[in-house]
Student: 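Take a look at the following structure, please.
Heavy atoms only: backbone and side chains are in, while hydrogens, waters and symmetry mates are out. For ligands, and for the atoms within them, numbers begin at 1 and follow the listed sequence. Numbering starts at 1 and runs along the sequence shown. Since the model is a prediction, treat every value here as computed from it, not as a measurement.
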Amino acid sequence: MDILVVNGPNLGYLGQRQPEVYGSQGMDALPELVQRLLGENARHVTLTLFQSNSEGTLIDRLEEAWKANVHGLVLNAGAYTHTSLALADCLAWIRIPCVEVHLSNVHARASAIRHQSLIARHCIGAIAGFGIMSYALAVQALWQRLGSPEA
Ligand code: DQA
């Protein structure tokens, strides 16, 4: 099962960007967390990581994933979550099962715009507030929905 993990703007230096808000782990921690959650089944899952600060580049990458028949998406669109109709439009038509993720608990953040997501209605679910573990939990959710024999 091929899963593309996409990080949007300002998510290229995880572990270094405001660790008090976004945690001190980088994306390099993800494979081990996935291994811990999926155990034996982790070998059935191939993770590809992508990050861009540009809205158009993110859309280009999602279209590429559609062409390549990627099975699932884990998407942290960063601030574009709250503002990008273009990203939402892309998810609406490529229809790859997508889990929206956030490192921080966006619903508990002070700024009200962070409580809004334009992409949420095009995602199968959302996980927020667990740092890099949010991504691992999203991979587990995709595995259970799409990859496991019981799916
Ligand atoms: C974020 C939350 C967004 O509000 C913010 O703009 C980010 C990161 C998160 O992972 O907590 O860049 O998506």
Student: Decide, yes or no, whether a salt bridge links Arg61 with Glu64 under the criterion of side-chain N to carboxylate O below 4.0 Å.
Tutor: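 Judged by the 4.0 Å cut-off on N to carboxylate O distance, Arg61 and Glu64 do form a salt bridge.
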Student: Parallel, tilted or perpendicular for His115 and His107, by the 30°/60° rule?
Tutor: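 His115 vs His107 ring planes: tilted.
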Student: What protein heavy atom lies closest to atom 8 (C) of ligand 1? Include the residue and the distance to one decimal.
Tutor: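 For this ligand atom, the closest protein heavy atom is Tyr22 CE2, 3.5 Å.
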Student: Report the nearest protein non-hydrogen atom to atom 5 (C) of ligand 1: residue, atom name, distance rounded to 0.1 Å.
Tutor: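 Of every protein heavy atom, Arg114 NH1, 3.2 Å lies nearest to atom 5 (C) of ligand 1.
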Student: Name the one of Leu142, Val6, Leu49 that satisfies side chain to side chain contact (heavy atoms under 4.5 Å, CB included) with Val74?
Tutor: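 It is Leu142; the other options fail the test.
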Student: What heavy-atom pair brings Ser117 and Ala120 nearest, and what distance separates the two atoms?
Tutor: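 Looks like OG-N, 3.0 Å.
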Student: Considering non-hydrogen atoms of the protein only, which is the closest contact for atom 4 (O) of ligand 1, and what is the distance?
Tutor: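 Here the closest protein heavy atom is His82 NE2, 2.7 Å.
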Student: Could you tell me whether some N/O pair between Ala79 and ligand 1 is separated by less than 3.5 angstrom?
Tutor: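 Yes.
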Student: Between Arg36 and Glu32 (salt bridge meaning N to carboxylate O under 4.0 Å), is one present in this structure?
Tutor: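 A salt bridge is present here (some side-chain N lies under 4.0 Å from a carboxylate O).
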Student: Closest approach of Ile119 and Leu91, non-hydrogen atoms and distance?
Tutor: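 Here Ile119 and Leu91 meet closest at CB-CD1, 3.8 Å.
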Student: How many angstroms lie between OG1 in Thr48 and CG in Leu73, if you round to the nearest 0.5 Å?
Tutor: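 The CG atom of Leu73 is 11.0 Å from OG1 of Thr48, to the nearest 0.5 Å.
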Student: Considering only non-hydrogen protein atoms, determine which one is nearest to atom 11 (O) of ligand 1 and report residue, atom name and distance to 0.1 Å.
Tutor: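 Result: Ser104 OG, 2.6 Å.
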Student: Heavy-atom distances under 4.0 Å are what count here, so tell me which part of Val106 touches ligand 1: side chain, backbone, both or neither.
Tutor: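 It is the side chain that gets close, since no backbone atom is under 4.0 Å.
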Student: What protein heavy atom lies closest to atom 12 (O) of ligand 1? Include the residue and the distance to one decimal.
Tutor: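 Residue, atom and distance for the closest contact: Arg17 NH1, 3.1 Å.
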Student: Give me the residue, atom name and distance of the protein heavy atom closest to atom 1 (C) of ligand 1.
Tutor: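 Here the nearest protein heavy atom works out to His102 ND1, 3.7 Å.
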Student: How far is atom 9 (C) of ligand 1 from the closest protein heavy atom, and which atom is that?
Tutor: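 That would be Leu103 N, 3.4 Å.
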Student: Taking heavy atoms and a distance under 4.0 Å, where does Asn76 meet ligand 1: side chain, backbone, both or neither?
Tutor: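 Only the side chain of Asn76 comes within reach of ligand 1.
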